[in-house]
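Here the structure comes first, spelled out in structure tokens, and everything after it is commentary.
Remember, predicted model here, so these are calculated numbers, not experimental data.
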Amino acid sequence: MPRLALSDDFVTDLISLQRPVQKELTDAIQMFRSMTVPQLHASKGMHLEKLERARDPRIRTIRVTKSYRGVLLAPDDGSDLFMLLRVAQHDEAINWACKRAYSVNGATGGLEVRNVEALEQMETYFETKADTPPARLFEAHSDTVLRDLGIDDQVLRLARVCVTVDDLTVMAPPMMPADQYEALWFLADGNSPEDVWEQLIAPRGQTVRTAEERQAVTLTEAILNTPDRIVEVTGPGELERILAEDLARWRIFLHPAQRRYAYHPGFNGPAQVTGGPGTGKTVVALHRVRHLLRTGREGDRILLTTFTNAMAAALRDSLALLLGDADAHLLERVDITTVDSLAARAVREARGGSPKLLSAAAEKSAWTRAVAREELPWTEQFLAQEFRNVVLAQGLRTPEEYLRCVRRGRGTQVGRVQRARLWRVMERFTADLASRDSATYTQLCDRAARVLAESAPRYRHVIVDEAQDLHPAQWRVLRACVAVQADDIFLVGDPHQRIYDSRVSLRSLGVNVRGRTSRLRLNYRSTEEILRWSASLLDGQPVGRLGEDDDDDGGRDSLRGYRSQLHGRVPVARGHGSQDEELRALVEQVRAWIEQDGVKPSEVAVCARFNTLVDAVITRLRRERVPAVAVRDNPGPEVSGVRVATMHAMKGLEFRCVAVVGVTSGVLPFAPQVTPAEADPVQHQSDLLAEHCLLFVACTRARDALAISWSGERSPMLDPVAG
């Protein structure tokens, strides 16, 4: 009987398929494995075909359903080991298969894939790019050196015409073989060939350093040499196991193109990785933790932090899964928590207790009390923002410091006399809270930063997820937790997902990532249709770069070049005459996803701006006998039911199908959250951007299907996509 291995691309396809197609595919695989190789070639039901236009003569296809085809790599070395590469609709599968070619990496001995057609087009482009060739990116390295690192003839030709790192980046996997791209990227980043060998090739078990002395590796050997990206089907329950693990296993899968960030031998200071939704930033952060645990000293402690308790719990589960049983003991060296929880613990340990944290309503009441004796032209909202975004952001302690400070991010001019009056109000505000043993979350972090700065650093490394939403006071907490040294702070984030007003200058806070910043542009979660639709929601919005405020003159961030290799249905946006009609249509949509597409209820999410509509959705779904649970109740993976949450609570989560409801003009943008332009034009623009980013975050939680709805007047934020 033939043996069968599954590539990571195939498993990704398998998980995303509708349940009926999954069953057809698993049946086809079981039939495949039950035949002899001659029977396999003769079977009309299996319909094993060779493609005439295929760049790789070993490529074959099999019939899964009338509409779907599986793509295989057949052995040519006398072996019986086939490998499933992709499964997709007929035309997409054939088009993909005809462009790809598989080879064995000369250095690692692993299997690799390239888009031959795209690379040939790149060769033509670079050859005609300039009549007078400038200095080349890899001219310091001979052909022999590059071949010793696994670079083959086609990639070598492309490497020789690269002028800048950007030239190399446009050929990133899946266009160029991942192992070869990674080796070239390390060289372009200033590493020596010896460093590349030690970091990328030696860990794969290779001991022969020169290409001339290496023995040839067969296709079957190459497949078995690539266990991080290929799994062999060893028994009848293997596919069921993969499907049962579903997103949990593949949420921690590290794409080869991301490995250089997660397993970098050592950054000479803080480092940053940015990227749009679904690019694998959190996975990179998790693998970075594993790398530091494995290579660090036994007593070194690591802080892994994120924005919410739910996300911290998810990180804890994912890291435990990533470490596995063999390295489970290393988890004891990692603290996984939010910055606010860390700050509360530091203050509690220092003073024997922590203050009561204020709700938004309680804070507004405190500001109302503070201004009771002052005739001021500013609202409680303005005062809260001034205190949070100027005083606490800069860690100001005295009225003199406030008088001298530059009020970054504030558009309303405030003179010396007005600043003096404002300071008196803020002093009354803080005194009032102190008398009640209360504090805002940002105040708590400000206090914790001072406490931590006076003690020895608690951690050797700090890893930060969702970095875009951290306030400067929170960054001071993190900076105080770790000494300034190599590999002290590693952060990942996306400014397009900044849903809180937290523009910061990391450099001013002692987190200088200049020269150690990288960007991910390939989306592994959503289809290209969902990606393009969602990205258009931010068209024209002034998104600043992560970690750089206006004083840094860091320019604007962009989703240009951000793409997905997955394809599916175009998102649907529909308006309704009433909320009752909208909820009725929602029930029909959710049922279609579950009953017709075979999606598990727990892989479907519905989100709305506020909890009032969240509760109405849960009530309606349950009334219609559709199981539904609130994300705020932290349902575990074993709990069945459609997940329902606010847009803010969707941060960091992902689902196969997402419905965003109640996208009306009254809630997006939500007027009370947006500073009037006449009060502060700069803050007004920042608040509007946060509203756009919130909708963008909600929509990009979807992998396969996205539906947006409203009743009454549609939100103007949908104008770019709804016409």
Side-chain angles (χ1 to χ4, degrees), residues 1-35 39-40 43-49 60-73 82-94 96-97 230-251 253 525-527 566-569 588-605 625-627 637-643 654-658 702-705:
M1 291 189 297
R3 296 158 61 200
L4 188 63
L6 312 179
S7 73
D8 57 310
D9 284 332
F10 172 80
V11 175
T12 300
D13 290 342
L14 173 64
I15 291 172
S16 67
L17 290 174
Q18 297 173 9
R19 198 57 60 86
V21 183
Q22 279 186 353
K23 185 179 185 307
E24 294 275 6
L25 179 57
T26 54
D27 289 346
I29 290 176
Q30 300 302 355
M31 181 187 299
F32 185 99
R33 296 186 68 250
S34 68
M35 297 179 176
Q39 288 173 335
L40 181 64
S43 171
K44 294 183 179 180
M46 187 58 61
H47 207 68
L48 184 67
E49 287 187 341
R60 303 287 188 274
T61 62
I62 59 171
R63 176 183 293 161
V64 176
T65 69
K66 290 182 179 180
S67 302
Y68 279 81
R69 291 293 182 273
V71 182
L72 297 99
L73 186 66
F82 291 75
M83 185 168 72
L84 271 166
L85 309 173
R86 290 292 309 273
V87 58
Q89 291 186 336
H90 182 279
D91 291 348
E92 181 183 349
I94 301 301
W96 184 92
I230 299 171
V231 57
E232 185 176 358
V233 180
T234 55
E238 188 73 12
L239 280 174
E240 288 77 4
R241 181 184 65 79
I242 291 173
L243 287 171
E245 290 176 349
D246 206 337
L247 295 178
R249 169 177 176 164
W250 299 99
R251 190 173 289 135
F253 173 75
R525 175 199 299 150
S526 305
T527 64
L566 306 174
H567 288 279
R569 289 169 280 187
E588 293 175 358
Q589 178 64 83
V590 170
R591 277 183 173 156
W593 284 334
I594 296 173
E595 297 173 5
Q596 297 175 23
D597 295 348
V599 179
K600 296 178 184 176
S602 60
E603 295 176 337
V604 176
R625 301 186 182 279
V626 178
E638 73 283 353
V639 178
S640 179
V642 174
R643 272 40 178 176
E654 64 178 73
F655 301 89
R656 287 187 63 180
C657 305
V658 172
R703 290 173 50 206
D704 304 332

Can you tell me how far apart CD (Glu24) and NZ (Lys66) are? Round to the nearest 0.5 Å. 10.5 Å

For a 4.5 angstrom cut-off between non-hydrogen side-chain atoms, does Val658 reach Val604? no

For the pair Arg86 and Asp13, find out whether any cationic side-chain nitrogen is under 4.0 Å from an anionic carboxylate oxygen. yes

Pair Val626, Arg591 - check side chain to side chain contact (heavy atoms under 4.5 Å, CB included), show working. CA-CA 8 Å; Val626 178; Arg591 277 183 173 156; 3.9 Å; yes

Heavy atoms only: give me the nearest Arg569-Thr527 pair and the separation to one decimal. O-OG1, 4.4 Å

To the nearest 0.5 Å, how far apart are CZ in Arg63 and NE2 in His90? 8.5 Å

Determine whether a donor-acceptor pair (N or O, by modelled atom type, separation under 3.5 Å) exists between the side chain of Arg69 and the backbone of Ser67. no

Any Ser602 side-chain heavy atom under 4.5 Å of Ser640 side chain: no

Should Arg643 and Phe655 count as side-chain neighbours, where that means a heavy-atom distance under 4.5 Å? yes

Mind checking whether Arg703 and Glu654 have side chains closer than 4.5 Å, heavy atoms only? yes

Trp96 vs Val71, test: side chain to side chain contact (heavy atoms under 4.5 Å, CB included). Steps then yes/no. CA-CA 9 Å; Trp96 184 92; Val71 182; 4.1 Å; yes

For the atom pair OG1 (Thr26) and CG (Leu14), what is the distance rounded to the nearest 0.5 Å? 8.0 Å

So, for Ser7 and Leu85, which heavy atoms are closest and what is the spacing to 0.1 Å? OG-O, 3.0 Å

Below 4.5 Å, heavy atoms only, C-beta onward: do Leu72 and Leu4 meet side chain to side chain? yes

To the nearest 0.5 Å, atom CE of Met31 lies from atom CD of Gln39 at 11.5 Å

Would you say the side chain of Tyr68 lies within less than 4.5 Å of the side chain of Leu25, judging by non-hydrogen atoms? no

Drop me the distance from Asp704's CG to Glu603's CD, to the nearest 0.5 angstrom. 8.5 Å

Quick one: does Leu84's side chain get under 4.5 Å of Ile29's, heavy atoms only? yes

Sidechain-backbone polar pair: Arg656 side chain, Leu17 backbone, donor-acceptor under 3.5 Å: yes

Side chain to side chain contact (heavy atoms under 4.5 Å, CB included), that's the test. Do Gln22 and Asp27 meet it? Break it down for me. CA-CA 9 Å; Gln22 279 186 353; Asp27 289 346; over 6 Å; no

Closest heavy-atom pair, Val599 versus Cys657, reported as atoms and distance to 0.1 Å, is CG2-SG, 4.0 Å

Arg525 to Ala702 - nearest heavy-atom pair and separation: CD-O, 4.2 Å

